[in-house]
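Structure record follows, encoded as structure tokens.
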Amino acid sequence: MLPTIPEIPLHPRAACTLLRSLSPSHLRQAQQLHSHTTISGDSLRYPLLVNHLISFYSRSGHPFLSSLVFSSALTKTHISYTSLASAFASNGLPHLSLSLFRTIHSLRLPLDDRALPIFAKACASAADARLGRCVHSLACRTGFSSNVFVGSSLVDMYAKSGHLFDARRLFDEMPVRNVVSWGGLIHGYSLSGETEMGLCLFREAVRDRDVGVNDFTLSCIVQMCGVDTLLELGAQTHALCLKTGFGSSSFVGSSLVSLYSRCGSVEDARRVFAGIGFKNLGAWNSMMVAFAVHGRTESAFWLFRLMGEAGVRPNFITFLSLLSACSHAGLVEEGKRYFAMMGDHGIEPGHQHYACMVDLLSRAGRLSEAVEFIINMPIEPPESAWGALLTGCRIHKDIKTAAFVAERLLALNSHASGLHMLLTNAYAAAGMYEEAAKARKAMRDRGVKKETGLSWIEFDSRVHTFVSGDRSHPLSGEIYQKLDELGEELERLGYVADTSVVLRDLGGEEKRRVAAHHSERLAVAFGLISFPADRPIRVMKNIRVCGDCHTVFKFMSRCTGRTIILRDNNRFHHFVGGSCSCGDYW
DNA sequence: CTAGGGTTAG
């Protein structure tokens with residue numbers, strides 16, 4: 001039910017009460033009320049009404065309307081200034097907020113315990129720790145530093161700007177801390193990748209009855225588990241979310257969806273998504289991403305329709321996921337359609353969208369079209385776009401285009417290791433080993449290092465990491481033995497090793513040995529000997545999965561009856577009963 | 001009337 005605004009003149013106080021009761025989506029009603037009060041002159045004269053209008057427009061995400069009210073008002077109090085500063089700070093305009101603070105300062109208006117947190121927030125959002133320190137010392141001078149709101153906002157400011165040491169010191173000095181102060185510090189450790197420290201604090205907060213955790217803390221921890229693909233710990237945290245009643249929060253839910261998706265379980269992701277009470281944009285997007293990386297293209301399209309029906313407007317992430325879903329399935333026309341649709345939604349394509357389009361076209365073998373697309377891009381083509389083009393060159397053995405990119409790379413003087421490796425691979429795939437060797441040499445000459453291939457697997461709350469030919473694992477003996485046994489069985493089933501994936505100049509037998517001991521194979525073998533028979537083997541890899549390993553896993557899933565889920569730098573591969581979910585299109 | 005933290009991508 002939408003509240004209707006009466007046509008009769010409203011007393012300013014009544015207008016304030018009404019504004020307070022409006023939800024952020026009632027923009028139209030607020031504007032109607034605003035125009036009434038402008039005609040009567042009330043909104044110019046009554047600071048109370050001015051302030052209410054400023055904060056309503058801020059809440060509904062329209063800081064410039066707040067600013068309009070502010071500048072037309074004849075009477076302003078320090079609260080009007082603070083409210084507008086808050087509108088800017090909460091709507092991604094920290095610099096406007098900060099300049100307003102300079103005005104407040106020069107007008108000698110009070111900077112109290114309400115204004116300081118906004119000030120700190122603006123510094124955090126602008127990642128300006130230097131100015132943040134000034135806020136801190138101002139808070140100390142004015143005696144507000146012991147205020148829990150002021151303190152928490154400063155902890156957050158230091159944490160966000162990467163000054164974890166200062167965040168911790170301030171946190172330790174705070175006389176009173178609450179769930180927000182704890183959450184801010186935990187978030188800081190999460191941002192700096194200090195998972196252990198973050199988890200430590202989290203456990204302490206859970207144990208402390210006076211502190212406790214809330215949806216913010218939980219979503220933060222789940223996110224950490226997701227980033228580190230810690231499925232076991234993440235699932236335990238999920239249980240805690242349910243126990244504490246935060247299981248259906250959209251923030252916690254989005255993080256959980258992302259956790260399960262990153263850990264390879266799109267089914268669990270879907271279950272969590274279904275249970276989210278009010279699904280906000282983040283929730284829809286996290287599910288969209290999950291469908292995209294798992295190659296559930298139809299589900300992604302379906303979700304997009306559902307989202308529209310729910311009245312949620314897609315943003316650039318939504319479209320990025322849709323485009324990558326199209327790319328994984330080779331659906332060029334659909335991809336073009338979604339790309340064009342962005343304009344209808346008023347979304348400017350970013351460099352990622354352009355790169356995704358190049359990826360879509362070139363994987364599908366439309367390399368000349370991809371080149372044309374790159375050349376006509378309204379922005380400087382990002383490195384990822386060149387990379388996508390090279391991937392297409394490798395798949396479709398297109399030497400001409402590869403040479404074209406090589407020239408551009410030279411001009412760009414790129415040091416991205418990935419690009420050089422892609423070029424090498426593109427030549428090697430077409431059997432041009434001399435060109436491949438040259439590309440490798442060019443890469444070495446520029447001091448570009450190849451990224452080491454790593455594969456990891458979680459077992460018993462520990463992450464086991466492998467590199468190619470690794471013998472450092474305690475179960476190394478068993479792992480290699482398992483691979484030998486399986487190798488023989490696979491050959492009986494018709495598997496023939498494809499050593500073209502090994503680019504080094506080695507003898508045939510030697511090449512076979514190298515490919516057979518790639519990091520992903522060691523990790524999968526470890527899973528095979530350690531996991532119970534019904535548990536899927538989930539392996540993560542930082543670079544692209546090797547073609548021969550991909551074939552091997554298909555055979556392995558058939559002869560062992562196990563499900564193998566492998567995530568590489570681009571997507572997930574689900575190997576079941578002899579085939580892969582990517583349909584060998586990757 | 002004005003106050004602190006976030007989800008989704010890379």
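What you see below is based on every heavy atom in this structure, not just the backbone, and it leaves out hydrogens, waters and symmetry mates. The structure displayed is predicted, hence computed values, not measured ones. Labels below follow one simple rule: chain letters A, B, ... track the order of the sequence lines, proteins then strands, and each chain is numbered from 1.
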Expressed as a whole number of angstroms, how long is the span from A/F144:CZ to B/dA3:P?
16 Å
Phosphate oxygens OP1/OP2 of B/dT7: is one of them under 4.0 Å from a side-chain N or O of A/Q223?
yes
Main-chain N/O of A/S254 paired with A/S258 side-chain donor or acceptor, under 3.5 Å:
no
Interatomic distance, A/M288 CE vs B/dT7 C1' [rounded to whole Å]
15 Å
I need the CZ-C1' distance between A/F70 and B/dC1, as an integer number of Å.
14 Å
Just to confirm, is there a sub-4.0 Å distance from OP1 or OP2 of B/dT7 to any side-chain nitrogen or oxygen of A/K279?
no
Closest to the A/F149 side chain: B/dA3, B/dT8, B/dC1?
B/dA3
Any A/R177 side-chain N or O less than 4.0 Å from OP1/OP2 of B/dG4
no
Without decimals, in angstroms, what is the distance between A/I276 CD1 and B/dG6 C1'?
14 Å
Separation of B/dA3 P from A/R114 CZ (nearest whole Å)
8 Å
Classify the nucleic acid contact of A/I317 as base, sugar-phosphate or nothing, counting any heavy atom under 4.0 Å across all strands shown.
base
Is the phosphate of B/dA3 approached by A/T82 (side-chain N or O, under 4.0 Å from OP1 or OP2)?
no
Heavy atoms under 4.0 Å, any strand shown: does A/D156 hit a base, just sugar-phosphate, or nothing?
sugar-phosphate
Per A/S258 side chain, nearest of listed nucleotides B/dT8, B/dA3, B/dG5
B/dT8
Evaluate the side-chain proximity of A/F304 to A/M341: yes if any heavy-atom separation is below 4.5 Å, no if none is.
yes
Return the value, rounded to whole Å, for the distance between atom CG of A/D215 and atom P of B/dG6.
12 Å
Does B/dA9 have OP1 or OP2 sitting under 4.0 Å from an N or O in the side chain of A/R262?
yes
Categorize A/S152 for me: base, sugar-phosphate, or nothing, with a 4.0 angstrom heavy-atom threshold over every strand shown.
base
Respond yes when some side-chain nitrogen or oxygen of A/K121 is under 4.0 Å from OP1 or OP2 of B/dG5, and no when none is.
yes
If you define the side chain from C-beta out and look only at heavy atoms, does anything of A/S248 sit under 4.5 Å from A/I276?
no
Tell me which one of A/Y189, A/W182, A/F165 satisfies ring pair (Phe, Tyr, Trp, His ring centres under 6.0 Å) with A/F171.
A/W182
note: A/L185, atom CG; B/dG6, atom P; distance rounded to Å ~ 14 Å
Under a 4.0 Å threshold between the charged nitrogen and the carboxylate oxygen, would A/D172 count as salt-bridged to A/R169?
no
Regarding A/V289, tell me which of base, sugar-phosphate or nothing describes its non-hydrogen contacts under 4.0 Å with the strands shown.
sugar-phosphate
Starting at CD of A/E451 and ending at C1' of B/dG10, how long is that distance when rounded to a whole Å?
14 Å
